[in-house]
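Notes follow once the structure below has been shown.
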Amino acid sequence: MDSAWSALNADIQACQRCALARGITNKVPGQGSVAVRLMLIGEGPGQQEDAQGLAFVGPAGQLLTRMLAAINLNRDEVFITNIVKCRPPNNRAPLPEEAQACLPFLRAQTRLIRPPVILLLGASALRALLGEDKRITTFRGQWVERKGFSLMATFHPAALLRDPDKKRLAWQDLQLVRDRLAQLAARPGAGG
Ligand code: URA
């Protein structure tokens, strides 16, 4: 696992598959524990993430930390990453072709971590993984079973900062995630 993980991170650092790789400060592969039951997938690094090489460390990341704390998780107990590992210019959403170019890295990360539960943060993650026709407002809060993973989409924390009225719905979604994780932990042989 360690060598596969190091090789994957080296591939991400070396990647020039799309134009996003030019003009960034740091690649942002994602971080957290690799032995987790929950993986969170956002859109792409912003300014602070690009500067530090770490996912979700700006204002949206601080809200994400509080959202996780509300379901009794700290950031070391999850893995946090993005659809694209390079910051799109001016924080625009990644283009579909940029998302497609980067998806093999996300797939490799999910293959190595095998998180039973995946939470998609916002419309870009939802569309890139579950289909360009999906709308976050209608699709959020629903479980989708794919290839042994339970996936759900909820609002991106940045959207919650812009529109706090959405927080009530995001909290409903988080409670579903909390309950699913509790069910998994209660299974015989689930371990700590
Ligand atoms: N927004 C994202 O989607 N990802 C980050 O890492 C930071 C902000």
| message | Has E49 got a side-chain atom pairing as donor or acceptor with R87's backbone, closer than 3.5 angstrom? | response | no
| field | Centroid separation F105 to W5 less than 6.0 Å | value | no
| task | Quick one: pull up CG in D165 and CZ in F155 and give me the separation to the nearest 0.5 Å. | result | 10.5 Å
| message | Whether the side chain of D173 engages the backbone of T154 through a donor-acceptor N/O pair (distance < 3.5 Å, no angle test) should be reported. | response | no
| query | Say you draw a straight line from SG of C102 to CZ of R107; how long is it, rounded to the nearest 0.5 Å? | reply | 11.0 Å
| message | Treating N90 as the side-chain partner and R92 as the backbone partner, does any N or O pair qualify as donor plus acceptor under 3.5 Å? | response | no
| Hey, does the side chain of E98 reach the backbone of L95 with a donor-acceptor pair shorter than 3.5 angstrom? | yes
| query | Does the side chain of D50 pick up a donor-acceptor pair with the side chain of T25 at under 3.5 Å? | reply | yes
| message | With side chain to side chain contact (heavy atoms under 4.5 Å, CB included) as the criterion, how do I71 and W171 come out once you've worked through the C-alpha distance, each side chain's angles and the decisive distance to 0.1 Å? | response | CA-CA 9 Å; I71 56 169; W171 173 233; 3.9 Å; yes
| message | Keeping E43 on the side-chain end and L121 on the backbone end, is there a donor-acceptor pair under 3.5 Å? | response | no
| field | Nearest heavy-atom neighbours spanning C18 and A101 | value | CB-CB, 4.2 Å
| said: Looking at every heavy atom in both K27 and C15, which two are closest together, and how far apart are they? | reply: NZ-O, 2.7 Å
| field | Spatial distance of atom OG1 (T110) from atom CE (M39) [nearest 0.5 Å] | value | 5.5 Å
| query | Out of L129, N82, L151, which one pairs with I41 under the side-chain contact (heavy atoms from CB on, under 4.5 Å) rule? | reply | L129
| task | Check the side chains of T138 and K134 for a donor-acceptor pair under 3.5 angstrom, ignoring hydrogens and angles. | result | no
| Donor-acceptor contact below 3.5 Å, side chain Q31 vs main chain A55 | yes
| request: Measure across L169 and R140 and return the closest heavy-atom pair with its distance rounded to 0.1 Å. | output: O-NH2, 3.6 Å
| request: Under the salt bridge (Lys or Arg N to Asp or Glu O under 4.0 Å) rule, collect the residues that match up with D163, sequence neighbours excluded. | output: K166
| field | Spacing of L160 atom CG and R168 atom CZ [to the nearest 0.5 Å] | value | 12.5 Å
| request: Compare every heavy atom of P29 with every heavy atom of N9, then report the nearest pair and how far apart it is. | output: OD1-CB, 3.6 Å
| said: Just by distance, no angles: are the side chains of Q109 and K85 close enough, under 3.5 Å, to form a donor-acceptor pair? | reply: yes
| When rounded to the nearest 0.5 angstrom, what distance separates CG in L38 from CD1 in I118? | 9.0 Å
| remark: Here the gap from Q13 atom CD to S6 atom OG, rounded to the nearest 0.5 Å, amounts to 11.5 Å
